[in-house]
Amino acid sequence: MITKLGEMLIQESLITRAQLDTATKQLSTQGGRLANLLVDLGFVSDEDIASAICRNYGIPSINLSYFDVDSDILRLITQETAQKYQIIPLSRVGSTLTIASTDPTNVADLDDIKFMTGLAIEPVVASISSIREAIEKYYGTTHAIELKKVYQEIAGKPTDGIEVDLAADLQQEKTTDELQNASEEAPIIKLVNMIIAESLKRGASDIHIEPYEHEFRVRYRVDGILQVSMTPPVKLKDAVTSRLKIMAKLDISEKRIPQDGRIKIRTHHKGENREVDFRVSTLPTLFGEKIVLRILDKSSLPLDMTRLGFEQDSLARFEKSILKPFGMVLVTGPTGSGKTSTLYSSINKLNKPETNIMTAEDPVEFNFPGINQVQVREQIGLTFAAALRSFLRQDPNIILVGEIRDFETAEIAIKAALTGHLVFSTLHTNDAPSSISRLLNMGIEPFLVATSVNLICAQRLVRKICQECKEPYPVPLQTLLDLGVTPEEAGDMKVYRGAGCKNCNGNGYRGRVGLYEVMEISDELQELILIGASARELRRKGVDEGMITLRRSGIHKIKQGLTSIDEVVRETVNL
């Protein structure tokens, strides 16, 4: 049947012979269905395949979005069968069952379905995307179907006639051998693989696996917001925890202290192979170990500074400062505000054979060829300050310090910036002007701060409105004025929101974009720092010199239709 469908698509000039050969080779190694693979590889659209089948075989086509299937008809085809053959039962007249199929030319499939149902099969053709949507609508998502299979497989395991009370089971200690054996059972491996695969599919940044007294919960952080994904049976928590600890090369017998490790996996999606790292952290809690996996996917790391979300003027100021031969550039914001992406984008732009770049990070999230990266290990004395001292004896041009946490690190970093090195680092402050106050409060002399710091960039990440369901909506004028929009801007300003669709899982947002406040240290600002001016005074002067504040950056993103008022208000303060 591969040849039949493939040859027809070649005759219709929808695909080439080389594309068919590529798809056929992949089918032989990974399995699946030809039509689905051709669409996933981007060789042809599912609508074109449906139209070609309709033209060549005279099989009628149907738009499933206008069709409502009766529950009695759905019971004739199991969800596993619908998933396997990519079909949806539509109606039954006597002993004839009408089904919608992505490839009704596949006679072997139709014979299998005829045998399973005992009915004559009348096929109609539907697009692959509409069949997938219908399977999710009537049977549940692929993820839910697979999850149900795993739970059934686990539930079907023999218990030797022993029933264990839940409370007693929670208190029971298992030996290391028992934990290892449980973690290596096929259903547990499949469940853990599903948890990881679903996180990548959703574009999550973190996976939280949390044991409670009567619940075992898995949550994903998607676009900065935690979402509950699944609640496996509580009795699986030890086996799942052990499986993840084995994958991360951690000690499964040690449950009393936190542990840290890494998992590296290779994924295959839409013809692409990529490696993804997971930073694994375990924490003993009252009812077991909570595990958080931070997903480090280099393919999703935006290293092009023009894609981060800088306003044009702010980007020009930032790039001007990072191209200076010495001085300090500080990136500030709370955890999860995108500081790492900004720093990596900066050093990636500067990474040339004639430049010696050295970084001290905790942890090293991504490794870059041509950059000397050091993992800070405080337990053995390799602190940021110790790494910095060593860097200065390694003839560096550019130094990146993961974070300035104390006076010692700040002092060495500033001295390095004053002695001919370009230094990048981060601080945890709310905005750019307050970073000056933080350095002064650490004990750094005002004249050192004024002469060493080139630029401070404060940033936040806000969720982007889903472009598939974006719609304008009216906002009272006073709301815009309270936000900080000028009356002139408010006159013709359009505000958008996400209505919610399948593309964004119904929440109206998909992806994130940065808000940036870039304060370049001018001569006037240096004078204010020297006389001990407050953060408010520094902010006022920065705005006078053209600094775009975080709130103004948010207003620009609202005007561009990229984000919503709620997101900007949540992440910024109107000063």
### Query
Counting N and O atoms only, with roles assigned by atom type, does the side chain of Gln373 sit under 3.5 Å from a partner on the main chain of Thr359, one being a donor and the other an acceptor?
no

### Query
Between Ile521 and Leu455, what is the shortest heavy-atom contact and its length?
CG1-N, 4.2 Å

### Message
Is it the case that the side chain of Gln259 and the backbone of Asp251 share a donor-acceptor pair, with hydrogens and angles ignored and the cut-off at 3.5 Å?
### Response
yes

### Query
Can you name the closest pair of heavy atoms from Asn351 and Ile357 and give their distance?
CA-CD1, 3.7 Å

### Query
Do the non-hydrogen side-chain atoms of Arg279 and Asp260 ever get within less than 4.5 Å of each other?
no

### Message
Pairing donors with acceptors under 3.5 angstrom, does anything connect the side chains of Thr342 and Gln459?
### Response
yes

### Task
Ignoring hydrogens and angles, tell me if any N or O in the side chain of Arg438 forms a donor-acceptor pair with the backbone of His428 under 3.5 Å.
yes

### Residues Ser553 and Glu311: side-chain donor-acceptor under 3.5 angstrom
yes

### Query
So, Thr241 and Asp238: side-chain donor and acceptor under 3.5 Å apart, yes or no?
no

### Heavy atoms of other groups near Lys249 NZ, more than 12 under 6.0 Å
no

### Task
Using modelled atom types only, decide if a donor and an acceptor are shared between the side chain of Ser534 and the backbone of Glu537 within a distance under 3.5 Å.
yes

### Message
Looking at Lys349 and Glu319, is any side-chain nitrogen of the basic one under 4.0 Å from a carboxylate oxygen of the acidic one?
### Response
yes

### Query
Of the non-hydrogen atoms in Arg551 and Asp482, which two are nearest, and what is the gap between them?
NH1-O, 4.3 Å

### Query
Under the salt bridge (charged side-chain N to carboxylate O under 4.0 Å, His left out) criterion, do Glu411 and Lys415 qualify, and how do the steps go?
CA-CA 6 Å; Glu411 184 183 40; Lys415 286 181 178 176; 3.6 Å; yes

### Query
Which atom names give the shortest non-hydrogen contact between Ala410 and Met442, and what distance separates them?
CB-SD, 4.0 Å

### Message
Regarding Glu567 and Lys557, does a basic nitrogen lie under 4.0 Å from an acidic carboxylate oxygen?
### Response
no

### Message
Between Asp277 (side chain only) and Arg294 (backbone N and O only), is there a donor and an acceptor less than 3.5 Å apart?
### Response
no

### Query
Between Glu289 and Lys255, is there a side-chain N and carboxylate O pair less than 4.0 Å apart?
no

### Task
Verify, without hydrogens or angle tests, whether Thr332 (side chain) and Thr429 (backbone) share a donor-acceptor contact under 3.5 angstrom.
yes

### Message
Please check this pair: side chain of Ser425 against backbone of Val401, looking for a donor-acceptor N/O pair closer than 3.5 Å.
### Response
yes

### Task
Please step through side-chain contact (heavy atoms from CB on, under 4.5 Å) for the pair Phe310 and Cys457, ending with a clear verdict.
CA-CA 10 Å; Phe310 279 96; Cys457 172; 4.1 Å; yes

#### Entry: Shortest non-hydrogen contact between Asp206 and Ile295, atoms and distance
N-CD1, 4.4 Å

#### Entry: Residues Glu468 and Arg510 bridged, charged N to O under 4.0 Å
no

### Nearest atoms (heavy-atom pairs only) where Phe287 meets Pro211
O-CB, 3.6 Å

### Query
Does CG in Asn430 sit with more than 12 non-hydrogen atoms of other residues, nucleotides or ligands closer than 6.0 Å?
no

### Message
Looking at Leu550, is its backbone amide N or carbonyl O close enough to the side chain of Asp431 to form a donor-acceptor pair, meaning the two atoms are under 3.5 Å apart?
### Response
no

### Task
Identify whether the distance between the nearest side-chain nitrogen and carboxylate oxygen of Arg405 and Glu378 falls below 4.0 Å.
yes

### Message
Salt bridge check, Arg540 against Asp544: does any charged N sit closer than 4.0 Å to a carboxylate O?
### Response
no

### Query
Around atom NZ of Lys464, are there more than 12 heavy atoms of other residues, nucleotides or ligands at under 6.0 Å?
no

### Backbone of Gly484 reached by a side-chain donor or acceptor of Arg552 within 3.5 Å
yes

### Minimum side-chain heavy-atom gap Ser345-Leu308 below 4.5 Å
yes

### Query
With a 4.5 Å limit on heavy-atom distance, are the side chains of Leu330 and Ile404 in contact?
yes

